[in-house]
There are 2 protein chains.
Amino acid sequence: MVRAWTFPLALEAAATEPLFLQIARGISGDVQRGRLRAGDALPGSRTLAAELGVHRNTVLAALRELAAEGWIEAEARTTRVARDLPAPAGRARLPKSGLGFDLTPPPQIAELAPPGWRGLDLAGGLPDPRLIPVDELGRALRRALKARPTLLDYGSPLGEPRLRAALASLLGEVRGLACPPEQLMITSGSLQAVDLAARCLFRPGDRVGVEDPGYPPVWQTLRAAGAELVPLPVDGEGLCVENLEALLPLRAIYLTPHHQFPTTVTLGAARRMRLLELARRHRIALLEDDYDFEFHFEGRPVLPLASGDTAGVVVYMGTLSKILAPGLRLGWVAGPKALVEALGAQRRMGDLHGNRVMEGAVAEFIEDGLLQRHARKMRRIYAERREALLEALDRHLPGPLEVVPTGGGLSLWARTAPGVDPAAWATRAQAAGVLVMPGRRFDFQGRKVPFLRLGFAALAPKEIREAVRRLQEAL
Amino acid sequence: MVRAWTFPLALEAAATEPLFLQIARGISGDVQRGRLRAGDALPGSRTLAAELGVHRNTVLAALRELAAEGWIEAEARTTRVARDLPAPAGRARLPKSGLGFDLTPPPQIAELAPPGWRGLDLAGGLPDPRLIPVDELGRALRRALKARPTLLDYGSPLGEPRLRAALASLLGEVRGLACPPEQLMITSGSLQAVDLAARCLFRPGDRVGVEDPGYPPVWQTLRAAGAELVPLPVDGEGLCVENLEALLPLRAIYLTPHHQFPTTVTLGAARRMRLLELARRHRIALLEDDYDFEFHFEGRPVLPLASGDTAGVVVYMGTLSKILAPGLRLGWVAGPKALVEALGAQRRMGDLHGNRVMEGAVAEFIEDGLLQRHARKMRRIYAERREALLEALDRHLPGPLEVVPTGGGLSLWARTAPGVDPAAWATRAQAAGVLVMPGRRFDFQGRKVPFLRLGFAALAPKEIREAVRRLQEAL
């Protein structure tokens, strides 16, 4: 029988949807919500038209649409909701999560800075956004797109050939890498390089060595790919390789030999050769993350492990985040051709390829020598800031903090005096508007270790001095 | 004892590396290559300077560098290669792959078109790159970056808030989605949405339903996340849900209800409601890929499953690749807030976040109504091309091909007459400069099925007519 069915629909003449469609959607919506049931008769088109204050033809158009979609059927002289429609799901009692299926959320990665932090950031090795060459990049973007509109079409998972070529020759020049373009892949930041490599290389349960202290975000990425992490101690000469053999088998080792994260110490020459030899003998992939090569201040940068790899064991990763801009999401991975091809196939199952316009723009940026010039400028500026931080620490906190002497990196690693609780100090400092990282944030077991990490790249010397002053007050 | 060691090094005065460093690298390189061994004595600095034709101070600087890095040590009056250096790895006998570690390469995904294809492309549902509004996008990029230089800094894994807001309201308007911005995430194309969702939702061995015929690239992505795929038959009304219950348990179903890939048929109303109810009852996640919503030509688009989801079971994915440009790598995923947050955490373990500048530019593009205007224009153009293809097929191939009537999509699905071998025909057509896809490319078991997929979006009507003419000749 015909139940009384009122049809309260606010028609928006202004809406992009034509009236007839708004009506059709309103009715099918009522069916889905269960206000109309299978077999229910609809009011006549005249009644509906009057009720809605529209022309009858509009209503007829709506009914035709609904019939075409199978929501209603004409029967004798009345129009009914189709009989073969099942009962509607009804409004399910949703859990607070709003989820109708099971979900084990992935591990949350602790933010370095609390969201919306506005104080003085001595926490990260992050570069200073104020130093990004925005105009040059904007022009390069525009030029790249003008010159090659096809950059907006599909592209290669391995990245823009032009950028691969420019980067390959740059890495050869500056970092001693003998790397033809086909052994180089562009990634969306170096973390994607880690992610792709891990997903290509690891099977669940594979043992993978990581530096301790080290870089927690990468630990999560490696674990997500099934790796069982094995913490490897780090001392003043970087990763301790002496006892590595006792920890075998290892499928891979993720390490930051140039400026170890977070200590910034450089891996010694003897250890480099031992590590390469060990990797060759036991077929261990060395995931070398060279995230801030350019920022070496004492003497010259030490060349990557990759430059001395004659055994095809090093997977070399880097990024333009520190030297140019993080928001570019431009990194790279270099290694044996077979690996690079596998990484490309892996990427085709994910984001497919990167930001071709940006890649084209940065290729030009490198070809024109602008990247190298910018790098030199940044090195100068960051060297000043490093000096400023060292001086300020020496003036204000000679007792409580003893900086570990290293050759580079965008932060300092400082030992706290006995009796000083780094975590508590960092908390008080944050209340005073200064962000510093207690060592435990980087310890594999999260143990309290007597260290602070102090990043100087994001602040001008004046700001650094102010930050250290507050740090002292917060002691 | 002192072995005769000659030091052939081509010094480039022009190189970016200073001479002393080139010398240092040459020597440490010889150590790594084994030409110099631990304990070997080096020639005196005068000898070296003479041999290399450089000033002695340059050589001394090189030796200081090497000593600092631990490669050499001064002993009495002679300088020796450090004794604590282990024997060099030597040049390992590399396998042809160049790999020093084991690698199981991921599955290769068959390209639709052979690399560098230059013929008439009737293969894909790909849009026509010639129709991309390059200048408008270029300007929008420039403006976005000028207005917000911070777009080059780190950003949110969930995407630019401005784009999330613009897209959320657009989806509400056009696709009937009640989706606040916090339930929407920007991704690098819809495939990344599938990848992230799969990695969040699936445990190894989870059974996941897919349409058969369907979209092989997504099958690979789902498998890579551990899914065991269950093919679900498709008929003229889309996914057959009638016998679904017999195939439970299913953790999720990936489907394309609007224009099923590759058949372009639309999922009927009754099946939509059955599917939603089934999903609610059995907690099945419905991964709804609505990749070309706008391109519906007969009647109006049918609203997504997501618009009728009251049970929190639909994960709704879309892309701007078809409507605007594939190279943007801009897609989205909408769903329960808890899922979107999990997807964000997942992305923080991968590429971290997307292309913020592009996201900012496209946000403006939407706010200014340019996207909607462009969409209308594209719909007009593609409708003409669809007509052109239908007419051409009707004129030249009425017997061999029978087009399956559907309401939209950027391609046609045509049944081949008995006795016609689609695969062989496609091969001959390719030789004649026309690319078409035989149905078997989309069959879950790769069986020969009597269908061809003909995409019309990439070609102008004139090109389409020519392509069909050649297709006829190739019969």
Side-chain angles (χ1 to χ4, degrees), chain A residues 21 32 68-71 84-86 89 91-92 94 97-101 105-106 109 129 132 134 138 141-142 145 149 152-154 188-189 192 195 220-221 224 268-270 273-274 276-277 280 283 285 299 308 310-313 325-327 336 338 342 345-346 348-352 355-356, chain B residues 32 68-71 84-86 89 91-92 94 97-101 105-106 108-109 129 132 134 138 141-142 145 149 152-154 188 192 195 220-221 224 268-270 273-274 276-277 280 283 285 299-300 308 310-313 325-327 336 338 342 345-346 348-352 355-356:
Chain A
L21 195 66
Q32 283 173 312
E69 289 178 17
W71 291 105
D84 71 344
L85 292 179
R91 197 159 291 282
L94 280 175
S97 72
L99 286 169
F101 46 80
I109 295 155
I132 296 172
V134 177
L141 272 174
R142 188 90 185 284
L145 195 51
L152 287 174
D153 199 359
Y154 282 110
S188 293
Q192 186 182 46
D195 185 39
Q220 298 291 14
T221 300
M273 292 184 69
R274 273 209 193 78
L276 284 169
E277 172 57 13
R280 185 187 66 76
R283 303 181 65 72
T310 57
V313 290
Q346 188 72 52
R348 288 193 63 187
M349 298 191 287
D351 63 353
L352 200 55
N355 173 3
R356 298 183 64 203
Chain B
Q32 281 172 313
E69 291 179 16
W71 291 105
D84 71 344
L85 293 179
R91 197 160 292 281
L94 280 176
S97 72
L99 286 168
F101 46 80
Q108 291 288 336
I109 294 155
I132 296 172
V134 176
L141 273 174
R142 189 90 185 284
L145 195 51
L152 286 173
D153 200 359
Y154 283 110
S188 293
Q192 185 182 46
D195 185 40
Q220 299 292 13
T221 300
M273 292 183 70
R274 273 212 193 76
L276 284 168
E277 171 57 12
R280 184 186 68 76
R283 303 181 65 72
R300 303 281 306 188
T310 58
V313 290
Q346 187 71 52
R348 289 194 62 187
M349 299 191 287
D351 63 353
L352 201 56
N355 172 3
R356 297 183 64 203

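In this text, all values refer to a predicted model and were calculated from it rather than measured experimentally. Residue numbers begin at 1 in each chain, while the letters A, B, ... track the order of the sequences.
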Problem - Heavy-atom closest contact (B/A342 atom, A/P106 atom, distance) - result: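 Result for this residue pair: O-CG, 3.3 Å.
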
Practice task
Please name all residues satisfying side-chain contact (heavy atoms from CB on, under 4.5 Å) with A/P129, sequence neighbours left out, ordered by chain then number.
Solution key: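 Only A/I132, B/D153 meet the side-chain contact (heavy atoms from CB on, under 4.5 Å) criterion with A/P129.
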
Handout entry: Non-neighbouring partners of A/D351 that pass salt bridge (Lys or Arg N to Asp or Glu O under 4.0 Å), sequence neighbours left out
Key =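 Per chain and number, A/D351 pairs via salt bridge (Lys or Arg N to Asp or Glu O under 4.0 Å) with A/R347.
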
Practice task
Can you measure from CG (A/L99) to CZ (B/R283) and round to the nearest 0.5 angstrom?
Solution key: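 That separation rounds to 8.0 Å.
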
Handout entry: Winner by heavy-atom pair count (cut-off under 4.5 Å) against chain A, out of B/A285, B/A325, B/G268
Key =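 Greatest number of close heavy-atom pairs with chain A: B/A285.
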
Handout entry: Toward chain A, the part of B/L145 with a non-hydrogen atom under 4.5 Å
Key =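 Backbone plus side chain of B/L145, per the 4.5 Å heavy-atom cut-off to chain A.
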
Exercise for the section: Under 4.5 Å heavy-atom distance to chain A, tell me which part of B/A68 shows up: side chain, backbone, both or neither. Expected result: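 For B/A68, no heavy atom lies under 4.5 Å from chain A.
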
Can you tell me which of [options] forms the most heavy-atom pairs within a distance under 4.5 Å of chain B?
| options | answer |
| --- | --- |
| A/Q220, A/Q346, A/R356, A/R142 | A/R142 |
| A/A345, A/G70, A/P149, A/G350 | A/G350 |
| A/P326, A/S188, A/A338 | A/P326 |

